[in-house]
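One structure is given here, and the rest of the page talks about it.
Chain naming here is simple, since letters A, B, ... match the order of the sequence lines and numbering starts at 1 in each.
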2 protein chains.
Amino acid sequence: MIDTAEFTTEALCRSMLDRHRDTIVVQKPDFAIRKLSVIVTAALNLSNSNGFQAMSLRDLSKASGVSMGGLYAYFDSKTTLLKMILEEVTGQVQRVLADPPQTMTIDPVDHLKWLIDTHIRLTEAMQPWFSFAFLEAKNFPPSERRTAVDSEILTESYFAAVIDRAVAEGRFRADVSPLLPSLIKPLLQEWYVKRSKYRRRGVSMETYIETVQDLVLNACLPERRS
Amino acid sequence: MIDTAEFTTEALCRSMLDRHRDTIVVQKPDFAIRKLSVIVTAALNLSNSNGFQAMSLRDLSKASGVSMGGLYAYFDSKTTLLKMILEEVTGQVQRVLADPPQTMTIDPVDHLKWLIDTHIRLTEAMQPWFSFAFLEAKNFPPSERRTAVDSEILTESYFAAVIDRAVAEGRFRADVSPLLPSLIKPLLQEWYVKRSKYRRRGVSMETYIETVQDLVLNACLPERRS
DNA sequence: ATCCATTTTTCGAGCGTTCGCTCGAAAAAT
DNA sequence: ATTTTTCGAGCGAACGCTCGAAAAATGGAT
């Protein structure tokens, strides 16, 4: 299970700062991280409310309490701010999904369940980040849009690989639809896209995870799951 | 099966014109429909490329060949244009899904399969419209956002009702997840959201429909489908 | 058919506003 | 005294939208 302490705003902003130490003007890391956290938090709030395009830097300045000029100590253009957040999300996805615990990789069925569980828990821990990265993506500039699409393709490939392996090992039916990996992804996105709806209806993350796992495994396993 | 002739751009624009005859300045219906088609087609193209907010009316003017002033003969604000398109989509969804052929309502399983089939075929026939209405929705003004959300809730309720009926009649397992109707919706949206991806991979609409139907029914039926 | 008077439709420069972004100076830290 | 950080008024560009005039279409009267 993922460690939520790795995904606090401050921890993520520390990672962002490391990756952009050359373009960020502010020298003292402690100051920089604290201020970057305030800026990013405000940026995610505003973007997820009305869209990234609709968020003006004056809005961001007012909401974060950092002056116009002050913002430009942390990024050299609005698109760079977008890129910084987006790359942080895609980087975490790759980092987390790429190395499952060894105990989970013995059985491909366990591995598949782990992928579903971990992906949903990751998006839960970084919900505003994921909403920003993948709901806004279609309005991003071409280069950044590509980054978001590539990340989705990579995620899908993890599911495709483990399902292929389960079929090859005879754990799954041979006629599992080749579309299945593509269909799993929107089920995972549904959780963070409609997060507030499920909160309102009292659906816990654990229940959601189990439901998706059951739905997927019912389509794969030779016999019905108990 | 739905009749694609009902969903040509011209037919849809005729419906839009009827609904806004009072605010549209142009008198002759033939002129109006032809020009409205050009405007709406360009608006959907531009919006679906870069987002509705990013589409300036100067862009729309250039792409449609209608002058700035000419555009305002068909709507009195950019938001009104948004509202006109959005209401056309939600109106068609309601009109089509609300009255299934009588032969399909006898058996709730047939009805469920019909809902999946028809919804996907409808979104295929009106793909740019659906992308506009539901992918851009989160950046709409509050009132229009509500219209889009209500339409999604209505769609979901159709699925919930027929599944409940199938459970009540003993056609479905009693322990079908109450989350299922919510999970069907993203599977249907996936088709028009990632339309180009499936075209590239050579996945036909019929294959996609069957795959979703199988996935859903496998989660519902007491025994595995053949 | 041809004309003119009237209506209908089309046009695009211009209005006020807001945008992303800059930069020289003030403030704070060292 | 020197460096580091913060500030916000101001720049040119682009935005949604308006409006008076040009162009096109219309409908008798000759």
Let me know the distance between [atom1] of [X] and [atom2] of [N], rounded to the nearest Å.
| X | N | atom1 | atom2 | result |
| --- | --- | --- | --- | --- |
| A/Leu57 | D/dC7 | CG | P | 15 Å |
| A/Tyr74 | C/dC21 | OH | P | 18 Å |
| A/Ile39 | D/dC7 | CD1 | P | 10 Å |

Compare the minimum distances between each of [options] and the side chain of [X], then state the nucleotide with the smallest one.
| X | options | answer |
| --- | --- | --- |
| B/Lys78 | D/dC11, D/dC17, D/dT6 | D/dC17 |
| B/Gln27 | D/dC17, D/dT6, C/dT9 | C/dT9 |
| A/Ser56 | D/dC17, D/dA9, C/dC19 | C/dC19 |
| A/Ser77 | D/dT5, C/dC21, D/dC17 | C/dC21 |
| B/Val66 | D/dC17, C/dC11, C/dT10 | C/dC11 |
| B/Ser67 | C/dC11, D/dC15, C/dT9 | C/dC11 |
| A/Lys35 | D/dG10, D/dT6, C/dC15 | D/dT6 |
| A/Lys28 | D/dC17, C/dC21, D/dT5 | D/dT5 |
| B/Tyr72 | C/dC11, D/dG16, C/dC21 | D/dG16 |

Centroid-centroid distance, A/Tyr192 to A/Phe132, less than 6.0 Å: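 No, they do not, as the ring centres are separated by 6.0 Å or more.
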Touch class at under 4.0 angstrom, heavy-atom based, for A/Ser61 against every strand present: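 The answer is nothing, as A/Ser61 stays clear of every strand by at least 4.0 Å.
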Sugar-phosphate only, base, or nothing, as touched by B/Lys62 at under 4.0 Å among non-hydrogen atoms: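 Touches nothing.
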Electrostatic pair B/Arg121-B/Asp117, nearest N-O below 4.0 angstrom: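 Result for this pair is yes, salt bridge flagged.
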Six-ring centre of B/Phe75, B/Lys83 cation under 6.0 angstrom, axis tolerance 45°: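 Relative to the ring axis of B/Phe75, which defines the angle, B/Lys83 lies outside at least one limit.
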More than 12 heavy atoms from other groups under 6.0 Å of CZ on A/Arg146: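 Atom CZ in A/Arg146 is not crowded, with 12 or fewer foreign heavy atoms closer than 6.0 Å.
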Whichever of B/Gly69 and B/Phe31 has its nearest DNA chain C nucleotide further upstream toward 5':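 The residue closer to the strand's 5' end, by nearest nucleotide, is B/Phe31.
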Flag, side chain of B/Thr8 to backbone of B/Thr4, donor-acceptor distance under 3.5 Å: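 Answer holds: no.
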